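Source: prediction; values computed, not measured. So you know, we letter chains A, B, ... as the sequences are listed, proteins then strands, and number each from 1.
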Amino acid sequence: MRNEDADVKLVYSMPESLVDRPNHYCPGCGHGIIHKLLTQAIDELEIREKTIFIAPVGCSVLAYFYIDVDGCEAAHGRAPAVATGLKRVHKDKVIISYQGDGDLLAIGTAETIHAANRGENITVIFVNNAIYGMTGGQMAPTSLASQKTKTSPYGRDPADVGQPIRACELLNTLEAPVFIERCAVNNVKNILKTRKAIKKVVQNQVLNIGYSFVEILSMCPTGWGMTPQRAVEWIDEAMIPYYPLGNFRKKESDHV
Amino acid sequence: MAETVLMKGNEVIGEAAIIAGCRYYFAYPITPQNEIPAYMALRLPRIGGTFLQAESELAAINMVFGASAAGARVMTSSASPGISLKQEGISYLSGAELPAVVVNMVRGGPGLGNIAGSQGDYFQATRGGGHGDYRTIVLAPASVQELADLTVEAFDLADQYRMVVVLLGDGYLGQMSESLKLPEPSGKEFDKSSWALTGASGRAPHIVYSLRLSPEPALEEVNLRLQAKYREIEKNEVRFDTYRSKDAEYLLVGFGTSARICKAAVNILRREGIKAGLFRPITLWPFPSLAIERAAGSIKKVLAVEMNAGQMLEDIRLALWTSTSSSRNVVIDFCGRTGGMIPDVDEIVERVRNYEK
Ligand SMILES: Cc1ncc(C[n+]2csc(CCOP(=O)(O)OP(=O)(O)O)c2C)c(N)n1
Ligand code: SF4
């Protein structure tokens, strides 16, 4: 794109679908990056006017104020059910369910699995920060073994509370999902991959291909008790070894 | 003119919902209302609607939330234990001011209870049921015809007031077959374009939510608006029926299946020359407090009859025993059975005969 007044090239601007207002996220939080990637995808696919975004209960509950599309709240864990209701009525709209790990893998496990198993033509963006951010840093179903949280002060003991759950691998046992991928937003390289994956999970819905899921390993410096810099490193050191990045499922539509 | 048909109560609810324009139905099976999902599973796919058996009542009520937010007429149904699970969702629907019709074909409780009809969920239905200061309109049909008529009306009330309307039946009504005239759609139109989620095309985004953290009085303002709406409903939407109550000295008060038993008792008592009458609340919330107070003006005794341990009884007391009312000295007696048992007509008749002694 060229600016007509001066001979300069516009190389970056805020996504049009991202609302220009201060947000409530902590410094170094991954949610903001993911919002930007999602709104970029919405812009590129030109679907702002037909997107309905579902905010979960969690730190991103107010995300509908940052994304300039129709927004809907869902009770804790129930976003895939709300998405199902919306999509069954508006088959031509793009329904995006944005969820944290407590929401998607603890209280909402049943809704997660069954929406995926039905192959609802929706997009699920799963933000895995291995902690309950909103309520002040309690253990999540994805908290790592020996990870200290408010409710695992001696470190998560898998013998007592089980191993952390891997969402992509779990959903990959089902027939219906067409796309499952795990990404991270802790460095530029990973962010660029996440950007591609997010566009893919949204585009799949636009093309009516089916249920598409992306898990994003994301920083929660506040919940982890780390500096933003340390949090970025912790994803490489601790999270990725347990939650390997990569694509688990990629079905292309026959007619695309 | 609609023809007369013979249908089972539960199936009538499904058919009446379809007549009312409901094309979305989400539910999880539970006895004694399983004919409703079965009926919807047969009918909805054939008329371009959606029937979906949810993975739980939690999922079902939240699918209802999504479909309602999308602007559609939507219904779910269940029986007592399933309705308990739906309470969180009903509270969210109420907070977000979304219309929905929730059918509860009440069964015996508490706990898993049994699968017989009961009225044990009166408190839960009329006090909101979930968390927070909210109400649902509660309609209590007493016949298969009324199941049909009130189902159609429930959708209009839900859309008009943007709130949850509960159809509170019981296992007996659902299983009962009676002849009825299928109702006509009301033809009322409700404009949802100012809030429904349809994609922000050519307008600012709509947001459906119930979280109101700031600024400080935001949540109270919503509550005050809800309360104002509830006062309006109390003024405009009270429904009740009376039977031989004009000159009655003994007033039986019952809703739903209990009211049918009361009616039989009134007939027997009247044949004996005992002036008995029936007052039947049709809206359990808003409760017909004023009407019952008026009806009780010249009454010697009120007998509440319920299939529970005395839940509506408390609303009757609240209505009659206010310090300013002329009925504040009226004696209120109670006859009830619990756990899916039905009050016996002879027992009610005998009770009233004894008042004469
Ligand atoms: C029914 C219910 N139970 C508990 C809560 C409290 N609660 C709010 S957010 C949350 C966990 C959020 O964690 P997560 O889903 O991982 O999202 P994050 O905040 O980390 O982004 C909990 C337990 C609630 N709001 N509703
Ligand atoms: S608590 Fe964690 S997830 Fe929540 S805003 Fe802060 S950094 Fe982000």
> Can you list the steps and then say if B/Ser68 with B/Tyr24 is a side-chain hydrogen bond (donor to acceptor under 3.5 Å, both in side chains)?
Replying inline: CA-CA 9 Å; B/Ser68 177; B/Tyr24 298 91; over 6 Å; no

> Which region of B/Ser91, side chain (C-beta onward) or backbone (N, CA, C, O), has a non-hydrogen atom less than 4.5 Å from a non-hydrogen atom of chain A, or is it both or neither?
Replying inline: neither

>> If I measure from the heavy atoms of chain A, does B/Phe26 come under 4.5 Å with its side chain, its backbone, both, or neither?
In response: side chain

>> Between B/Ile61 and chain A, with a heavy-atom cut-off of 4.5 Å, which part of the residue counts as in contact: side chain, backbone, both or neither?
In response: neither

> Which residues, numbered in order, of residues 105-123 of chain A come under 4.5 angstrom of chain B by heavy-atom distance?
Replying inline: A/Ala110, A/Glu111, A/His114, A/Arg118, A/Glu120

> So what's closer than 4.5 Å to chain A heavy atoms on B/Ser210: side chain, backbone, both or neither?
Replying inline: both

>> Looking at B/Arg46, I want to see if its CZ is surrounded by more than 12 non-hydrogen atoms of other residues, nucleotides or ligands under 6.0 Å.
In response: no

> For A/Lys93, is it the side chain, the backbone, both, or neither that has a heavy atom closer than 4.5 Å to a heavy atom of chain B?
Replying inline: side chain

> When you check the gap from the basic side-chain N to the acidic O, do B/Glu11 and B/Arg43 get nearer than 4.0 Å?
Replying inline: no

> Are any non-hydrogen side-chain atoms of A/Asp101 and A/Tyr132 less than 4.5 angstrom apart?
Replying inline: yes

>> Run A/Gln205 and A/Lys87 through side-chain hydrogen bond (donor to acceptor under 3.5 Å, both in side chains) and show every step you take.
In response: CA-CA 11 Å; A/Gln205 186 179 169; A/Lys87 188 69 184 187; 3.0 Å; yes

> If you measure from the Lys or Arg side-chain nitrogens to the Asp or Glu carboxylate oxygens, is any gap between B/Glu97 and B/Lys229 under 4.0 Å?
Replying inline: yes

> Who in residues 62-70 of chain A is close to chain B, using a strict under-4.5 Å heavy-atom cut-off?
Replying inline: A/Leu62, A/Tyr64, A/Phe65, A/Asp68, A/Val69, A/Asp70

> Which atoms of A/Val94 come close to chain B, meaning under 4.5 Å heavy atom to heavy atom: side chain ones, backbone ones, both, or neither?
Replying inline: neither

>> Could you tell me if A/Asn129 and A/Ser218 have a donor-acceptor pair between their side chains, going purely by distance under 3.5 Å?
In response: no

>> Is it true that, when you exclude A/Asp92 itself, more than 12 heavy atoms of the residues, nucleotides or ligands shown sit nearer than 6.0 Å to its CG?
In response: yes

> Minimum heavy-atom separation for B/Asn10 to B/Gln33, with atom names?
Replying inline: ND2-CA, 3.4 Å

> Most heavy-atom pairs under 4.5 angstrom with chain A, which of B/Thr50, B/Val64, B/Leu52?
Replying inline: B/Leu52

> Can you say whether the rings of A/Tyr98 and A/Phe53 are parallel (under 30°), tilted (30 to 60°) or perpendicular (over 60°)?
Replying inline: tilted

>> What I want to find out is whether A/Arg195 reaches A/Glu44 closely enough, with some N-O distance under 4.0 Å, to be called a salt bridge.
In response: yes

> Do A/Phe213 and A/Leu104 touch side chain to side chain, with heavy atoms closer than 4.5 Å?
Replying inline: yes

> If you draw a 6.0 Å radius around OH in B/Tyr28, do more than 12 non-hydrogen atoms from other residues or ligands fall strictly inside?
Replying inline: no

